[in-house]
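The figures that follow rest on heavy atoms only: side chains count, while hydrogens, waters and symmetry mates do not.
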Amino acid sequence: MENLELACFQLISSVGMAKSAFIEAVQEAKKGNFDQANAKIEEGDQAFVQGHGAHAGLIQQEAAGNSVTVTMLLMHAEDQLMSAETIKVMALELIENYKRIQAIEEKIK
């Protein structure tokens, strides 16, 4: 397997795990398990860093003058990276909203 393909698959795999962890964090927050939600965000962050490392390697290669061929696989990997970033931002917002909802519900009781 070429280096580009390997980097793409590493990127896709890592950020896919990150996205799953971010979604699981929201599910935990919905149940009121905020400590578990935070743990899932941290788990997602660790997976995302691995994916970002593969991405950074491609950028460094390009910066060193070794052009990177843009393929459908690379575009897919880039798309997955960007969607993982977006899902994390949305997950953090939803977790905060679930905290607010829980606090309001506790005041009502």
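- Note on Val15 and Ile87: separate hydrophobic clusters, where clusters join Ile, Leu, Val, Met, Phe, Trp and Tyr whose side-chain heavy atoms are under 4.5 Å apart, directly or indirectly.
- Salt-bridge check for Glu28 with Lys40: failed, with every basic side-chain N at 4.0 Å or more from each acidic carboxylate O.
- Side-chain contact between Gln27 and Ile23: present, with at least one pair of heavy atoms (C-beta onward) separated by less than 4.5 Å.
- In the hydrophobic clustering of ILVMFWY residues, with side-chain heavy atoms under 4.5 Å counting as a link, Leu81 and Ile12 come out apart.
- Under the 3.5 Å distance criterion, the side-chain polar atoms of Ser83 are matched with a main-chain donor or acceptor of Gln80.
- A single hydrophobic cluster is not seen to contain both Ile41 and Met17; linkage of ILVMFWY side chains at heavy-atom distances under 4.5 Å, directly or through other members, places them apart.
- One hydrophobic cluster holds both Met72 and Val70 under the rule that ILVMFWY side chains link at heavy-atom gaps under 4.5 Å.
- The side-chain heavy atoms of Lys99 and Phe34, taken from C-beta on, include a pair separated by under 4.5 Å.
- The backbone N or O of Phe9 lies less than 3.5 Å from no partner atom in the side chain of Ser13, so there is not a single donor-acceptor pair.
- In this structure, the separation between CG on Asn97 and CG on Leu92 is 11.0 Å, given to the nearest 0.5 Å.
- Taking NZ of Lys107 as the reference point, atom CD of Gln102 lies at 12.5 Å (rounded to 0.5 Å).
- Considering all non-hydrogen atoms of both residues, Ala18 and Gly44 come closest at CB-O, 3.3 Å.
- In plain terms, the two heavy atoms of Glu43 and Ala21 that are nearest each other are OE2-CB, 4.1 Å.
- Separating the NE2 atom in His55 from the SG atom in Cys8 is a distance of 9.5 Å, to the nearest 0.5 Å.
- The two atoms that bring Ala54 and Ala7 nearest to each other are CB-O, 3.7 Å, heavy atoms only.
- Tracing side-chain contacts under 4.5 Å through hydrophobic residues (I, L, V, M, F, W, Y), one reaches Ile101 starting from Ile95; they form part of the same cluster.
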For salt bridge (Lys or Arg N to Asp or Glu O under 4.0 Å), just list the numbers for Lys109 and Glu106, CA-CA rounded to whole Å, side-chain angles, deciding distance to a tenth of an Å, and then say yes or no. CA-CA 5 Å; Lys109 292 180 182 178; Glu106 288 173 1; over 6 Å; no

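- Within a 6.0 Å radius of CG in Asp35, no more than 12 heavy atoms belonging to other residues, nucleotides or ligands are found.
- The CG atom of Leu74 sits 6.5 Å away from the CG atom of Leu58 when rounded to the nearest 0.5 Å.
- Tested against Leu73, the residues Glu78, Glu2, Glu5 include a single side-chain contact (heavy atoms from CB on, under 4.5 Å) partner, Glu5.
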